[in-house]
Protein chains: 2
Amino acid sequence: MLNPSAADPAPIFAALGDRTRLALLGKLADGQARSISALSLDTALTRQAITKHLHVLQDAGLVASLRVGRESRFAARRETLDEARAYLDRVSAQWDETLGRLKAFVEG
Amino acid sequence: MLNPSAADPAPIFAALGDRTRLALLGKLADGQARSISALSLDTALTRQAITKHLHVLQDAGLVASLRVGRESRFAARRETLDEARAYLDRVSAQWDETLGRLKAFVEG
DNA sequence: ATGATAAGCAACCTCCTGATTGCGCATTCA
DNA sequence: TGAATGCGCAATCAGGAGGTTGCTTATCAT
């Protein structure tokens, strides 16, 4: 299985837990693949910093890369984000089954 | 506004990006409030380690604590998890608007 | 062939994180 | 009152995260 963190969503959330990386995902949200240089524009960070962040996203499965000529293009991956969504939905559903939470909070 | 990270979901995801903390949220998923000691059972970690993780979750707004006698009880907070869900849903919806992503991935 | 552009690699640095240990304080119970 | 329980605080430590700089390699255009 090449899919990273199939049954452990923590690495996915960890990858999402950074402003810069969320911004990168935002830039890739239109579905277009972009080179590292393109993704480094409008950023205070260096190209290498962006590269590292992209690799973190890639290790988490949130983006995929493809080398085209001298540039390597990154695109967002749908599946992994859906994994994270599914996990939160599951937790949320579990919480839904328990009412009177505030009551229990006081009474223990 | 006391609500942490109202417009910046990164800290929420960062808090979720740890196995131990996800496990803690799992234990609290039944809506019951639990003491630190109770949450430290069935764990290889020390009580202090659990305490730190709980504070991380609290700073992110994912749990709330209440001191009762000599114990401090933690309970899951619904709102912040919903924030994270809403964010992922927004991103996902944005991605939905763009078809032919794989096509664009090659063509750039 | 030459120069510019895109990216990779490696070393380095600072700061944060996860975790431990040791101790002290408050609360409950016998 | 005295012992046990639950917790907080502080110091400490190893390792990883985020970021930079410097250099090299590959590709494209002229």
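A quick note: this is a predicted structure, and the numbers were derived from the prediction, not measured.
- One end of the helix from dA1(C)-dT30(D) to dA30(C)-dT1(D) points its axis 30° away from the other end's axis, with each axis taken from 5 pairs and the angle rounded to 10°.
- Straight-line distance from the NZ atom of K52(A) to the P atom of dT14(C): 15 Å, rounded to whole Å.
- For R70(A) (side chain) and V68(A) (main-chain N/O), no donor-acceptor pair under 3.5 Å exists by modelled atom type.
- Between A60(B) and I12(B), the shortest heavy-atom distance links the atoms O-CG1, 4.1 Å.
- Between the side chain of R73(A) and the main chain of A33(A), no donor-acceptor pair closer than 3.5 Å is present.
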* Working for side chain to side chain contact (heavy atoms under 4.5 Å, CB included), residues L16(A) and L16(B) -> CA-CA 9 Å; L16(A) 292 173; L16(B) 292 173; over 6 Å; no
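- When DNA chain D is scanned 5' to 3' for any atom under 4.0 Å from a heavy atom of chain A, the first and last hits are dG18(D) to dC28(D).
- Looking at residues two or more places apart in sequence or on another chain, you find a side-chain contact (heavy atoms from CB on, under 4.5 Å) between A86(B) and R90(B).
- Residue pairs that meet the salt bridge (Lys or Arg N to Asp or Glu O under 4.0 Å) test with at least one member in residues 15-27 of chain B, sequence neighbours left out, are D8(A)-R19(B).
- Although no hydrogens or angles enter the test, the distance criterion places a donor-acceptor pair under 3.5 Å between the side chain of T80(B) and the main chain of G61(B).
- The ring-ring contact (aromatic ring centres under 6.0 Å, His included) contacts involving residues 27-67 of chain B comprise nothing, where partners must be two or more places apart or lie in separate chains.
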Please output the side-chain donor-acceptor pairs of residues 42-52 of chain A that fall under 3.5 Å, not counting sequence neighbours, one pair per line with the distance.
residue : atom : partner : partner atom : Å
T43(A)  : OG1  : S40(A)  : O            : 3.4
T43(A)  : OG1  : L41(A)  : O            : 3.1
T46(A)  : OG1  : A49(A)  : N            : 3.3
T51(A)  : OG1  : R47(A)  : O            : 2.9

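- Closest non-hydrogen pair, L62(A) versus L81(A), comes out as CD2-N, 3.9 Å.
- The interatomic distance linking D59(B) (CG) with dT17(C) (P) rounds to 10 Å, in whole Å.
- Within the structure, ring-ring contact (aromatic ring centres under 6.0 Å, His included) pairs that include any residue of residues 13-38 of chain A comprise F13(A)-Y87(A) (at least two apart or interchain).
- Within the 3.5 Å criterion, the main-chain N or O of Q32(A) finds a donor-acceptor partner in the side chain of R34(A).
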* Once each nucleotide of nucleotides 22-30 of chain C is scored for protein heavy atoms under 4.0 Å, what B/S/- sequence comes out, 5' to 3'? -> B----BS--
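- The distance from atom NE2 of H55(B) to atom P of dC16(C) is 19 Å, rounded to the nearest whole Å.
- For the segment residues 13-21 of chain B, residues with any heavy atom less than 4.0 angstrom from an atom of DNA chain C are, sorted by number, D18(B), R21(B).
- Distance from the side chain of I36(A) is smallest for dG8(C) among the nucleotides dG8(C), dA6(C), dT20(C).
- Residue T46(B) places at least one side-chain N or O under 4.0 Å from the OP1 or OP2 atom of dT20(C).
- Contacts of D89(B) classified as side-chain contact (heavy atoms from CB on, under 4.5 Å), with partners at least two apart in sequence or in another chain: R85(A).
- Taking 4.0 angstrom as the limit, H53(B) places none of its side-chain polar atoms (N or O) nearer than this to OP1 or OP2 of dT17(C).
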